[in-house]
Amino acid sequence: MKQPAIARKAPYVVVVEEGKSYWWCSCGFSQNEPWCDGAHCGTGFGPKRCVAKKSGTMYLCGCKATANPPFCDGTHNSL
């Protein structure tokens with residue numbers, strides 16, 4: 001499988017609402033990062049669904065290399 005594109009070497013800081021579903025882009029090609037816009041079609045990648053456990057701030061991976069998708073784990077610091 002191909003590697004995803006690095007959308008950015010920093011996390012996306014997003015505000016989410018408890019109970020709401022969000023679709024994180026795993027390919028790095030979305031024009032609506034960090035959210036999926038369907039740009040992955042034909043790439044072998046697909047979005048990752050996450051449901052907010054509580055309202056507040058989440059830090060989502062921008063480099064697409066995290067070991068814990070969709071959350072940033074600091075991997076971007078070594079790229």
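Counting begins at 1 with the first residue of the sequence.
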Closest non-hydrogen contact found for Glu18 with Lys53 is CG-O, 3.5 Å

Has the side chain of Thr57 got a donor or acceptor atom that lies under 3.5 Å from a matching backbone atom of Val14?
no

> Thinking salt bridges, do Lys64 and Glu33 make one under a 4.0 Å N-O criterion?
Replying inline: yes

query: Taking the side chain as C-beta and beyond, is there a heavy-atom pair between Cys50 and Pro70 under 4.5 Å?
result: yes

Check: Asp73/Thr75 side-chain N/O donor and acceptor closer than 3.5 Å: yes

TODO: Please examine the side chains of Leu60 and Tyr22, heavy atoms only from C-beta on, and report whether any two atoms are closer than 4.5 Å.
DONE: no

Taken to the nearest 0.5 Å, the spacing of Gln3 CD from Cys27 SG works out to 13.0 Å

Separation between SG (Cys63) and NZ (Lys9), nearest 0.5 Å, reads 9.0 Å

d(Cys61 SG, Lys48 NZ) to nearest 0.5 Å is 12.5 Å

For atom OH of Tyr12, is the number of surrounding heavy atoms from other residues, nucleotides or ligands below 6.0 Å larger than 12?
yes

To the nearest 0.5 Å, atom SG of Cys72 lies from atom CE of Met58 at 11.5 Å

Q) Short question: side chain of Asn32, backbone of Asp37 - any donor-acceptor pair under 3.5 Å? A) no

Separation between NE2 (His76) and OG1 (Thr66), nearest 0.5 Å, reads 10.0 Å

Could you tell me whether the side chain of Phe45 reaches within less than 4.5 Å of the side chain of Pro4, counting heavy atoms only? yes

Scanning both residues in full, the closest heavy-atom pair of Ser21 with Val51 reads OG-CG2, 3.6 Å

Heavy-atom nearest pair, Pro47 first then Ser26, reads N-OG, 4.4 Å

request  = Following the transitive rule for hydrophobic clusters with a side-chain heavy-atom cut-off under 4.5 Å over Ile, Leu, Val, Met, Phe, Trp and Tyr, establish whether Trp24 and Phe71 coincide in one cluster.
outcome  = yes

